[in-house]
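Notes to accompany the following structure.
Throughout, numbering of the chain's residues begins at 1 and tracks the sequence.
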Amino acid sequence: MKTTWVRIWTLFVALASIIGRAYGANITVDDADPKIIYSSGWSIGNTCTACVAQPDKALTYGATWHDTTRDRNTTVKSVEYSFEGTAIYIYGIIINIVRTDSVFTTNNNLSLWIDGHLASVYQHQPLNTNSYEYDVPVFALSGLSPSTHLARVDLEESSVFLFDYLIYSTPEATSTSSPVATAMTTNVTSSEPRSAGGTSVNTQSIPAFAPRPGSVPPPYPGASQNDEPVPPVPPVPSFPTALEEKRALSGR
């Protein structure tokens with residue numbers, strides 16, 4: 001009997017391995033992951049009492065984010081991450097608060113570099129809604145060669161960036177679908193974080209996205225021969241937000 005169960009378990013592990021290779025995975029990496037490399041000048045936003053930007057941490061991934069600002073005539077500030085996959089999606093928090101002083105900017109002026117080559121640009125001027133927008137996919141890049149890549153986001157002059165998390169897809173995962181996140185604008189105060197920090201794996205199929213308006217980046221090495229132009233502002237993952245989960249639990 002014991003031998004039979006061992007054989008069944010061995011078969012189960014083998015099948016799980018085959019299924020994993022067939023469907024791949026979408027890997028979510030929180031901003032607090034130690035493998036992410038930050039340049040100087042970044043603050044851990046959720047513990048920074050001196051930071052001007054104070055979004056609701058319960059609506060961020062893992063209740064954490066990293067915050068930095070680059071002024072005019074200052075050195076580049078950046079964040080980078082090495083991954084093995086064919087697509088990467090980078091999410092931030094957008095500040096829709098118009099500032100009338102010159103002490104702190106709420107503009108976003110970002111560039112994405114893949115393996116040392118410019119891949120996309122994201123620019124955003126704040127709306128005067130006195131709110132924050134969460135789960136915003138500032139970059140979505142697919143069609144990379146199935147190998148190890150280095151993704152780096154640079155802040156251009158007069159820019160702020162509140163980095164929340166990123167998702168990268170293994171080759172098999174991107175052959176059928178791409179992660180899509182739903183951006184949410186809110187000034188509602190909540191109390192429960194959506195997810196724990198760190199890295200998580202999602203092997204489920206996630207709906208593909210439709211490109212949002214924006215400029216088309218120049219070609220870049222590492223893209224496949226059939227790669228479509230990459231939209232600088234990606235789609236959005238259909239992962240439930242903290243507010244949606246809270247409403248679902250309360251039955252509203």
Side-chain angles (χ1 to χ4, degrees), residues 26-45 53 60-62 64-95 105 107-124 135-171 174 178-179 181 197-199 212 214-224 227 229-235 237:
N26 295 303
I27 316 297
T28 303
V29 182
D30 187 43
D31 69 287
D33 192 289
K35 294 181 181 179
I36 296 177
I37 299 174
Y38 295 93
S39 66
S40 60
W42 286 82
S43 299
I44 301 175
T60 66
Y61 186 89
T64 64
W65 69 93
H66 271 67
D67 178 327
T68 194
T69 303
R70 182 187 176 192
D71 299 323
R72 292 185 180 274
N73 303 316
T74 57
T75 57
V76 174
K77 294 182 179 180
S78 62
V79 53
E80 61 183 48
Y81 183 75
S82 179
F83 67 100
E84 186 174 356
T86 57
I88 188 166
Y89 310 85
I90 299 174
Y91 296 85
I93 304 165
I94 300 302
I95 309 171
T105 181
N107 295 331
N108 294 106
N109 187 9
L110 312 172
S111 57
L112 173 65
W113 298 76
I114 299 293
D115 302 329
H117 300 274
L118 181 63
S120 189
V121 170
Y122 176 82
Q123 295 179 331
H124 173 80
D135 298 306
V136 177
V138 294
F139 292 112
L141 193 66
S142 61
L144 297 171
S145 59
S147 58
T148 300
H149 299 283
L150 179 65
R152 189 183 81 240
V153 175
D154 286 352
L155 280 79
E156 304 301 330
E157 291 186 353
S158 299
S159 177
V160 64
F161 186 30
L162 274 59
F163 169 56
D164 195 3
Y165 63 99
L166 64 85
I167 297 174
Y168 69 91
S169 301
T170 60
T174 54
S178 301
T199 303
R212 292 166 62 183
S215 59
V216 178
Y220 54 92
S224 65
D227 189 40
V230 179
V233 185

Would you name the heavy atoms of [X] and [Y] that are closest together and state the gap between them?
| X | Y | answer |
| --- | --- | --- |
| Y89 | S169 | CE1-OG, 3.8 Å |
| A119 | L141 | CB-CD2, 4.0 Å |
| T86 | P146 | CG2-CA, 3.6 Å |
| L118 | S111 | CD1-CB, 3.8 Å |
| N109 | Q123 | OD1-NE2, 3.2 Å |
| G85 | P171 | CA-CD, 4.4 Å |

Inset, instruction - Keeping to residues at least two apart or across chains, list the salt bridge (Lys or Arg N to Asp or Glu O under 4.0 Å) pairs with something in residues 147-161. - result: R152-D154

[X] versus [Y]: any side-chain heavy-atom pair under 4.5 Å?
| X | Y | value |
| --- | --- | --- |
| N108 | V160 | yes |
| V76 | S39 | no |
| Y122 | L112 | no |

Looking at [atom1] of [X] and [atom2] of [Y], how far apart are the two atoms once the value is rounded to the nearest 0.5 Å?
| X | Y | atom1 | atom2 | value |
| --- | --- | --- | --- | --- |
| H124 | I94 | NE2 | CD1 | 5.5 Å |
| D33 | T64 | CG | OG1 | 10.0 Å |
| D67 | F163 | CG | CZ | 13.0 Å |
| I93 | F161 | CD1 | CZ | 9.5 Å |
| D30 | Y91 | CG | OH | 14.0 Å |

All side-chain contact (heavy atoms from CB on, under 4.5 Å) counterparts of [X], not counting sequence neighbours:
| X | value |
| --- | --- |
| I37 | E80 |
| S158 | R72 |
| N107 | T105, Q125, P126 |
| T148 | S82, E84 |

Inset, instruction - Output yes when a side-chain donor or acceptor of S159 lies under 3.5 Å from a complementary backbone atom of L110, and no otherwise. - result: no

Inset, instruction - Check for a donor-acceptor pair, side chain of D115 on one end and backbone N or O of L150 on the other, with a separation under 3.5 Å. - result: yes

Inset, instruction - Verify the distance criterion only: is there a donor paired with an acceptor across the side chains of T60 and D164 at less than 3.5 Å? - result: no

Inset, instruction - Please state whether the rings of F83 and Y81 are parallel, tilted or perpendicular, taking 30° and 60° as the class boundaries. - result: parallel

Inset, instruction - List in chain and number order the residues that pass ring-ring contact (aromatic ring centres under 6.0 Å, His included) with W42, two or more places apart in sequence or in another chain; answer none if no residue qualifies. - result: Y38

Inset, instruction - State whether the number of non-hydrogen atoms from other residues, nucleotides or ligands found under 6.0 Å of I44 atom CD1 is greater than 12. - result: no

